[in-house]
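The next block holds one structure in the form of C-alpha cells; read it before the comments.
Below, chains carry the letters A, B, ... as their sequence lines are ordered, and counting in each starts from 1. All values below come from the heavy atoms of this structure, side chains included, with hydrogens, waters and symmetry mates left out. Keep in mind that this is a model prediction, so the values were computed, not measured.
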Amino acid sequence: MDKRYDFKKFEDEIYAQWEESGYFNPDNLPDAKEPFSISMPPPNATGMLHIGHALFLTLQDIMVRHARMTGKKALWLPGTDHAAIATNAKVEKILKEEGKTKYDLGQEKFIERVDEYVSTSQDTIRNQIRKMGSSCDWSRERYTMDEGLTKAVQTAFIDMYNDGLIYQGNRIVNWCPHCESTLADDEVEHKDHNAQLYYIKYGPFIIATSRPETKLGDTGVAVHPDDARYQEYVGKTIDVDLAGHTITVKVFADPEVDQEFGSGVIGVTPAHSVVDFDFAEKHGLETIQVIDEKGIMTDKAGKYASLEAPDARKQFVNDLETAGLIEKIEDYVQATSLCYRCGSVIEPLISKQWFIAVNKPADRLNGKSLKQVSIEVVKNDEIHFVPSRFEKIYFHWMENLRDWCISRQIWFGHRMPVWYAKNDTKKEKPIVSKEKPEGDFVQESDTLDTWFSAGLWTFSTLGWPEITNDLKTYYPTSVMETGYDIIFFWVARMIIMGTYHMEKENIRDVVKESVPFKTVYLHGLVRDRLGRKMSKSLGNGIDPLEMIEKYGADAVRLSLVIGITPGNDLRMFEDKIKGYRNFATKLWNIARFAKERGVKLTSEIPTLEKAPDKTDNPDNFGPWILSELSGLYSNYENSLKEYNFGQAGETLYTFTWHSLADWYIEMCKKSENVDYHNHVLGYVLYWLLKLLHPYTPFVTEKIWNEFDQKNPLMVEQLSDKHFKSLEDKMDSENKEMKVLIKRASSVKQEIEKKRKQADIDENKEKYTKELESIAAYIKSLEKKLANKQFVKNAPKEVVEREQQKLEDFKQKKEELEKLLGE
RNA sequence: GGGCGCUUAGCUCAGUUGGUUUAGAGCGACUGGUUUACACCCAGUAGGUCGGGGGUUCGAAUCCCUCAGCGCCCACCA
C-alpha cells in the first residue's frame with residue numbers, strides 16, 4: 001500500500017467498477033427483499049454541480065448505501081429537470097451573443113436549439129454526480145421532457161381536466177413583463193422598498209395609492225361598512241374626474257377595508273391588483289385593463305395610451321397636480337412583488353390562463369379537495385417531516401393556497417394536450433386530447449409550469465401512467481430528501497399530485513399508498529464562513545468539483561455531513577474539507593499498519609479469554625476496543641434511524657481516530673501477543689469499513705480491495721444480528737468482560753499517572769491547583785449528597801452515580817497528594 | 001402584521017426526553033515529542049458567568065416567562 005491514500009488515482013476507477021458491477025440497480029441485489037427508494041431531486045439539465053447538490057447527493061447516498069448494506073432493495077433514481085424558464089432564458093442568452101432572438105428562429109427551431117443544448121450539457125451534470133460517488137441507478141435515469149414523462153404529463157393533465165380540476169379562466173395572474181410569462185404565487189418574491197403614497201382628490205373622496213397610473217382603470221370604490229363618513233355613497237355609481245380623464249366607479253362597502261389606513265377609502269382597480277380583483281368578483285365590478293403585457297398603457301388609458309407605465313405615472317401625477325387634485329404625497333415603505341428569476345417588478349394582470357383548482361371537491365378524493373387531502377396526509381402522519389417544525393410551515397402554506405396557475409408563455413416546456421380550431425383565435429373552445437383532432441386545429445401555445453412535471457416526479461419516473469413493476473415495488477418512495485427552501489415549489493406539489501393521481505381506480509390497489517413519500521427530510525442551506533448565501537456575484541462560492549480535485553470526494557462528503565443537524569444551515573469553508581482529507585489518510589494508515597502486520601479481515605468475533613490476567617497488560621485493550629465497537633454500532637444505527645447524519649458521522653470519526661488509532665493501535669504495538677491482536681484488529685477493521693462505507697465510500701472500498709475481499713464492499717452486509725451476537729457474547733462473558741474492560745481503562749490511567757510523575761517537578765504549581773479544584777468539587781458533591789431533598793427526589797441511579805463520583809474523586813485526590821509528596 | 005430558527009471556547013459546531021460531562025469536538029494558538037501506520041502525526045496546555053434578566057426544580061445549556069441581537073419564511077393595508 002502507498003504511504004498516502006492517493007484519492008485522485010483511485011476515485012474514478014472505483015466508481016467505474018461500481019457501475020460495472022451493476023449493483024446500483026436493485027434488480028441485481030437478489031437477496032434483497034424490502035424495498036427502499038429515493039427519487040433524486042433532479043438538477044437542472046443544463047446546470048453545474050454546486051455545493052448544494054453536493055450536500056443532497058451525500059445525504060441521499062448515505063441513506064441508499066446504508067439501505068443496500070442492510071439488505072434492502074435499494075433504489076436511488078436519478079434524473080434531470082428541464083427547468084423551463086431557466087433553460088429558456090439560457091438559450092435566449094446564447095442566441096443574443098450570436099446576435100439573434102428566438103423570434104428569428106421561430107418556436108420550432110428554437111426548441112430544437114434548446115434540445116440540442118440540453119443534450120450536450122446533460123452529460124456534464126451526470127458526470128459531476130458520479131464524482132461525488134453517488135450510487136444511483138443510471139439505468140433508470142429520467143429527464144422531465146423524455147417521452148415517458150411527457151406521456152405522464154399529458155395523462156395527468158387530461159385526468160385533472162376531465163375531473164374539472166384543471167380549468168381555463170380569465171383571472172388575475174402574476175405577470176413578469178421581462179420574462180413575458182405568468183408566474184405562480186410562490187414564484188413571486190416580496191421585498192420592501194421606499195415608495196410614495198399619493199393622496200388623490202377622487203370625486204367626493206380622498207384615496208391613497210402607490211400606483212396612480214392604475215387609477216385610470218378603477219371601476220369601484222371600497223369603504224368599510226361601519227365608516228360613518230361615507231355611508232351616503234354606498235351603493236351609488238359616480239363619475240370621477242381625474243384631470244380630464246373620467247372614470248365611472250361603483251361605491252361598495254366591505255369589511256376588509258381598514259378605516260385607519262390612509263383615508264379609509266380604496267380606489268379599486270380589478271385589472272391590476274390581486275386584492276381588487278377579489279373585490280371585483282365579490283361585488284360584481286367591471287374590469288378595465290390600462291396596462292398591457294409589456295408594461296405599456298393601453299387605449300383605455302386615454303391620452304396616456306402607449307406610454308410606458310412609469311412615464312405614464314409621471315405625466316399623470318403632473319396633470320393631477322396641475323388640476324389641484326393631489327392632496328399630498330407621503331414617503332412610505334411598500335412590499336413590492338418581484339419575479340424570483342429576473343427580479344423585475346411583477347405586474348398583476350388579468351389574462352386567460354390554465355389553473356388547477358385546489359379548493360374544488362373531487363370525486364376521486366371522496367369529495368375532498370386537493371388541498372384538504374394534502375393537509376390530511378400530513379396530519380395523519382402518512383407523511384412526516386424531519387424536522388417536524390416544517391409541518392407547521394407546510395400547513396400554513398397549504399391552507400392559504402389559491403388556485404395554481406400552470407400555464408406559462410415561454411416556448412420551452414411541456415405543451416398542453418389542448419387544441420383550438422384555427423379560427424378560434426381567442427381560445428374559447430379548447431379541445432383536450434392527446435391527439436390532434438381531425439381538421440384544422442392548432443395546439444395551445446402556452447407551455448406548462450416546470451413544477452407541474454416536477455410534481456409527478458416520484459411516480460412518473462417509475463413508469464406511470466403504465467402500471468409497472470417499479471411502480472408497484474417502489475411507490476411510495478421511502479424518503480424525500482431536499483432543502484427547506486423548496487417545500488412549496490416542489491414538496492407540496494408532489495403531495496398534491498401524488499395523493500390525487502395515485503388514487504385513480506386502476507392504480508389505487510396497485511400501489512401501497514397514494515402519498516409520494518413517507519418521510520420528508522429537509523436539509524439546511526450551505527453558506528459561506530460568514531453565514532452568507534453563496535453566490536456568483538459575491539464570489540464566495542465553494543466549487544465542490546475543485547474541492548474533490550484537491551481533497552477527494554470522501555473529504556467533501558464528510559465536511560458536508562459531520563456537524564450538521566436536520567433543517568439547519570451549515571457553513572462551508574476549505575479548512576474543514578482539508579481536515580476530513582486527513583481523516584481519509586488516517587484510515588488508510590490504520591489499514592496499512594494492519595496489512596503490514598499480516599492482518600486478515602474477519603467477521604469472526606475474537607475470543608475474549610486470550611487477554612492475560614495482568615492489570616497493566618496492553619492486551620486488555622482487545623476487549624476494550626470490542627466493547628467500544630459494540631457501542632459505536634448502536635450509536636450509529638440509532639442516529640441514522642433518526643436522520644442524525646451528523647451525529648452518526650461524528651461517532652465514526654471519533655471511534656476511528658481516537659479509540660482505534662490513538663489507543664488501541666498504540667497498545668497493539670506494545671504487545672507481543674501478535675496473533676490475538678491481529679485477530680481483533682482484523683475484526684474491528686472488517687466491521688468499521690462497513691460502517692464507514694456510506695460516509696466515505698471510496699477510501700473504504702479501496703482498503704477493502706487491498707485486503708483481497710471477494711465482493712465489493714458496497715454490497716457487503718451490515719448485520720444487525722452479528723452485533724447482537726457480539727453484545728450477547730460480551731454479556732454472556734459479562735463478568736470477565738467487565739473486569740477486562742476495567743483493566744484496560746486502568747492501564748490508561750496508569751499511563752497518565754506515569755506521565756504526571758515524570759513532569760511533577762516542573763509542574764508542581766499546576767498540580768497543586770488541580771488538587772484544590774478537586775477538593776472543591778469533593779466538597780460540592782458531599783454537600784449535594786447531604787441534601788435530603790436531593791437524596792429523596794432524585795432517581796436512585798443518579799444518587800448512586802454521585803456517590804461513585806465522590807469516591808473516585810477522593811481517590812484521585814489521594815493519588816495526587818501522594819504525587820506531590822504531601 | 002404573523003410565524004420560525006439561531007445566540008455554547010478566537011473560528012465552525014455537537015450537546016438526545018432536565019441528572020452517566022465540576023460544559024464537549026474539530027480547526028486555530030501555545031508547550032513538548034516522534035522520523036519503521038500516519039507531520040495530512042502523537043502527548044499535553046490555555047481558552048467558555050452556555051446572549052442578558054427572572055422563574056419552575058433537590059438539580060437547568062436543556063423547561064417556562066421576558067428583553068436584546070442576528071437570520072429566514074409567510075402576508076392582498078390600498
Earlier contact from the 5' end, RNA chain B, for A:Arg529 and A:Arg4: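 Result of the comparison: A:Arg529.
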Lys/Arg-Asp/Glu bridge criterion (N-O < 4.0 Å) met for A:Glu770, A:Lys813: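 Here A:Glu770 does not pair with A:Lys813 in a salt bridge, since their nearest N and O are not under 4.0 Å apart.
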Lys/Arg-Asp/Glu bridge criterion (N-O < 4.0 Å) met for A:Glu782, A:Lys784: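 Here A:Glu782 does not pair with A:Lys784 in a salt bridge, since their nearest N and O are not under 4.0 Å apart.
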So which nucleotide does [N] pair with, by the Watson-Crick or G-U wobble rule with both distances under 3.5 Å?
{"N": "B:C76", "answer": "none"}
{"N": "B:U31", "answer": "B:A43"}
{"N": "B:G5", "answer": "B:C70"}

Side chain A:Arg389 and base B:C4 donor-acceptor under 3.5 Å: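 No, no donor-acceptor pair under 3.5 Å.
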Check: A:Gln647 side chain, B:A25 base, donor-acceptor under 3.5 Å: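 Under the 3.5 Å cut-off, the side chain and the base do not form any donor-acceptor pair.
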Rounded distance (Å) that lies between atom [atom2] of [N] and atom [atom1] of [X]:
{"X": "A:Phe573", "N": "B:C27", "atom1": "CZ", "atom2": "C1'", "value": "7 Å"}
{"X": "A:Ile564", "N": "B:U16", "atom1": "CD1", "atom2": "C1'", "value": "16 Å"}
{"X": "A:Tyr653", "N": "B:A14", "atom1": "OH", "atom2": "P", "value": "17 Å"}
{"X": "A:Arg801", "N": "B:U22", "atom1": "CZ", "atom2": "P", "value": "11 Å"}
{"X": "A:His523", "N": "B:G5", "atom1": "NE2", "atom2": "P", "value": "19 Å"}
{"X": "A:Asn582", "N": "B:C38", "atom1": "CG", "atom2": "C1'", "value": "10 Å"}

Looking at side-chain heavy atoms only, is the closest gap between [X] and [Y] below 4.5 Å?
{"X": "A:Asn194", "Y": "A:Tyr332", "answer": "no"}
{"X": "A:Met572", "Y": "A:Ile51", "answer": "yes"}
{"X": "A:Cys668", "Y": "A:Val680", "answer": "no"}
{"X": "A:Ser659", "Y": "A:Ile625", "answer": "yes"}
{"X": "A:Lys586", "Y": "A:Thr656", "answer": "no"}

Say you pick atom [atom1] in [N] and the same atom in [M]; how far apart are they, in whole Å?
{"N": "B:A14", "M": "B:C6", "atom1": "P", "answer": "9 Å"}
{"N": "B:U49", "M": "B:G24", "atom1": "P", "answer": "15 Å"}
{"N": "B:G47", "M": "B:G5", "atom1": "P", "answer": "35 Å"}
{"N": "B:A68", "M": "B:A23", "atom1": "C1'", "answer": "24 Å"}
{"N": "B:C64", "M": "B:U16", "atom1": "P", "answer": "14 Å"}
{"N": "B:G48", "M": "B:A25", "atom1": "C1'", "answer": "14 Å"}
{"N": "B:G71", "M": "B:C65", "atom1": "P", "answer": "25 Å"}
{"N": "B:C50", "M": "B:A9", "atom1": "P", "answer": "10 Å"}

A:Lys586 side-chain proximity, nearest of B:A78, B:C40, B:C38: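 Of the options given, the side chain of A:Lys586 lies nearest B:C38.
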Parallel, tilted or perpendicular: rings of A:Phe205 and A:Tyr233 (30°, 60°):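 Aromatic pair A:Tyr233/A:Phe205 classed perpendicular.
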Plane angle bin for A:Tyr636 and A:Tyr695 - parallel if under 30°, tilted between 30 and 60°, otherwise perpendicular: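 Because their plane-to-plane angle lies in the 30° to 60° range, the rings of A:Tyr695 and A:Tyr636 count as tilted.
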Pairs under 3.5 angstrom, nitrogen or oxygen only, protein versus nucleotides 55-63 of chain B, please.
{"from": "B:C58", "atom 1": "O2'", "to": "A:Asn787", "atom 2": "ND2", "distance (Å)": "3.2"}

Near-ring test A:Trp588/A:Phe593, centroid separation under 6.0 angstrom: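 That pair fails the under 6.0 Å test.
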Proximity to RNA chain B (any heavy atom under 4.0 Å), residues of residues 632-643 of chain A only: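 Correct list: empty, so none.
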